[in-house]
Amino acid sequence: MAGSQWLRVVDALKAPVGSRVTIKGWVRTRRDSKAEGGLSFVAVHDGTCFDAMQAVVKGDIANYASEVCKLTTHCSVEVDGVVSQTPKGGNELQVEASTGGAVRVVGYVDDPDTYPIQPKPHSFEFLREMQHLRVRTNTFGAVARMRHCLSMAIHRFYHERGFFYVHTPIITGSDCEGAGNMFRVSTLDMLNLPRVHGAPANAESRMPNAAPAGPIDFSHDFFGKETHLTVSGQLNVETYCCALSRVYTFGPTFRAENSNTARHLAEFWMIEPEIAFANLQQDSELAEDFIKFLINAALTERADDMKFFDERIEKGLIQRLDHVLKTPFRRLPYTEAIKILEQAIAKGEKFEYPVKWGTDLQSEHERYLTEKHFKQPVILMNYPKQIKAFYMRLNDPGTDGAPADTVAAMDVLVPGVGEIIGGSQREERLSVLDARITEMGLPIGEYWWYRDLRRFGTVPHAGFGLGFERAMMFITGMANVRDVIPFPRTPKNAEF
RNA sequence: UCCCUGAUAGCUCAAUGGUAGAGCGGCCGGCUGUUAACCGGUAGGUUGUAGGUUCGAGUCCUACUCGGGGAGCCA
């Protein structure tokens, strides 16, 4: 209508009473009344905030009976009206002919009796099969806005602290990043693979039922060598750390593990900061500040969505996060954690797996520490070297009274989610690094550029990886990692 | 990958081995400044797939597919 301004719903809900506005979005619900010659309440939602805006449509507009009364959930509309206040105090939109009100239907919903998304609670399992439509629901709209909010907060946190954002490669020629099975990247014809001439037949490299053949000749592949999707940007980002001092990556990573749990994805996003001239203690302080910064951003910038998560997804969520904000994280040597668990067993606590110095803690042990014993986030530090990666810095013998060698590694454990961050101080001494690589039977030649960092102006440095989706779960209370990423990739699932 | 468990209307779920039902949603009508509205009517089904047992299978058995819970691996 003349003089009407198109506002997003988030703005229209705050517009001055009496202003003439247009909103554009999707119908959430429609309720009709025959009073006053026809009256319909149409809730319109455009995703810009949690709430929908109610349009009160009078029966005197031209297309009232022919179109407005046929609107069903998720029809798209443009609505012109005058902002007024509901009896309860919020804004709504009065749509009547006398003030030039109008409803224009942009798109109807075909076959509304089988349209799967209804204005009622759906199971997340069902919505997972409707990934292209589920974002239209309250929950997934809130999750999407929260993902954006936290993504921006991540960049802001590091930018404000002088970190540089580094784009590490998605395709990697290094098959020894050391964090799990990798997806192969190849342009070779899988039905006609090039073979190394004259090489003896090798059972492992032979296709089932294929004629005997030599190993695959990857020199014919796109990059002239074997390549994979990255499992971590860490080794690459360390190179930039050793020149720019403070850097971070934030990008997708890939694990070809057959993991079927509520906490694992084949494609997920990870934040990996790396700081030069820093030790494990400083690394853990960065991790704690980082998590608290994200919680604060969520609570202050998306109060509407957080209120919803608190009421409908996890009761007491906001209180839990407030507690995390106010409480210093508990730092604890691995060796100390083992003692606490042994004492717990002595007092009658039952675990499925044994507790023994030198073995990795099981989920149940981590849960006991963070949920029952300390009831707060816990940072475990200085793990036995035999259960950790080659690049972690070897501690001095006897650190924390440990019975054997430890490395400067840390895991941040949070109640509900478990391990959310894994990090370490990196081994900056070439001779010690080489000894570790050799000891673990890794191909030292592959690490030539990583070792160069220790040959040319080496510095102590440290970093960690935060699984973005795990942070999302921790902050929204959503229980399944598949529901905090738009299009989850898991074993046997890549439909969308 | 292992253990447990499940798959019935668009959705959430019932149905002793014996004629497949309800609520919500859709459609039609009534009522109502409503907001998970309410009342009446109505349409809607190859019971996940493939076999088997049985006079008879949604129900029992086998395999497979997919979902959920737990575990391992990890972020």
Side-chain angles (χ1 to χ4, degrees), chain A residues 28-36 38-44 51-58 69-70 72-74 84-88 90 92 94 109-130 133 137-138 178-181 231-234 252-272 287 312 351-353 360-364 366-367 387-389 411-414 417-423 464-474 479-485 490-493 495:
Chain A
R28 184 163 275 171
T29 59
R30 191 197 90 234
R31 293 172 299 279
D32 303 319
S33 168
K34 288 292 191 299
E36 308 171 35
L39 188 61
S40 287
F41 304 92
V42 183
V44 177
D51 290 317
M53 185 172 208
Q54 176 164 275
V56 182
V57 184
K58 291 276 164 58
C69 286
K70 293 194 164 57
T72 56
T73 299
H74 294 161
S84 68
Q85 217 160 38
T86 66
K88 286 181 181 174
E92 63 182 10
Q94 297 294 329
V109 167
D110 286 349
D111 200 14
D113 61 326
T114 58
Y115 180 63
I117 309 293
Q118 298 163 11
K120 69 167 199 170
H122 285 95
S123 69
F124 292 152
E125 294 80 13
F126 167 67
L127 291 172
R128 241 168 255 153
E129 295 168 3
M130 300 279 155
L133 299 175
T137 65
N138 281 339
N181 293 330
V231 295
S232 163
Q234 181 199 316
T253 49
F254 308 86
R255 305 274 166 95
E257 303 285 353
N258 191 10
S259 292
N260 295 287
T261 80
R263 290 175 297 283
H264 290 85
L265 292 165
E267 176 181 295
F268 65 101
W269 288 63
M270 190 151 63
I271 302 100
E272 294 174 289
R312 295 297 177 87
F351 294 119
E352 190 182 340
Y353 289 86
D360 218 348
L361 296 181
Q362 302 294 318
S363 298
E364 57 176 345
E366 296 180 345
R367 224 178 297 123
I387 58 172
K388 287 295 180 181
D411 282 351
V412 179
L413 312 177
V414 294
V417 177
E419 183 185 340
I420 196 171
I421 280 179
F464 62 79
L466 170 74
F468 184 54
E469 285 72 24
R470 296 227 177 135
M472 281 286 297
M473 293 169 74
F474 179 61
N480 194 309
V481 73
R482 297 167 191 204
D483 298 328
V484 296
I485 188 168
T490 52
K492 304 277 161 61
N493 194 337
E495 175 69 21

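Chain naming here is simple, since letters A, B, ... match the order of the sequence lines and numbering starts at 1 in each. The figures here come from the full heavy-atom set of this structure, side chains too, leaving out hydrogens, waters and symmetry mates.
Between A:E92 and A:T86, the side chains place no donor N or O within less than 3.5 Å of an acceptor N or O (distance only, hydrogens not considered).
Nucleotides B:A63 and B:U53 place their C1' atoms 15 Å apart, quoted to the nearest Å. Rounded to the nearest Å, the gap between the C1' atom of B:G45 and that of B:U32 is 35 Å. Taking atom C1' in both B:G25 and B:G44, one finds a spacing of 12 Å when rounded to whole Å. The C1' atoms of B:A14 and B:U59 are separated by 13 Å, rounded to the nearest whole Å.
Across every strand in view, B:A71 sits in a pair with B:U1 that passes the Watson-Crick or G-U test at under 3.5 angstrom.
One finds the CD atom of A:E125 at 8.0 Å from the CG atom of A:N480 (value rounded to the nearest 0.5 Å).
Taking atom CZ of residue A:F126 and atom C1' of nucleotide B:C13, one finds them 14 Å apart after rounding to whole Å.
Residue A:F474 is out of contact with every strand shown, counting any heavy-atom pair closer than 4.0 Å.
The shortest distance between the side-chain N/O atoms of A:Q118 and the OP1/OP2 oxygens of B:G26 is not below 4.0 Å.
The pair A:K34-A:D32 does not count as a salt bridge, with every side-chain nitrogen at least 4.0 angstrom from each carboxylate oxygen. A salt bridge does not link A:R28 with A:D51: none of the charged nitrogens is closer than 4.0 Å to a carboxylate oxygen.
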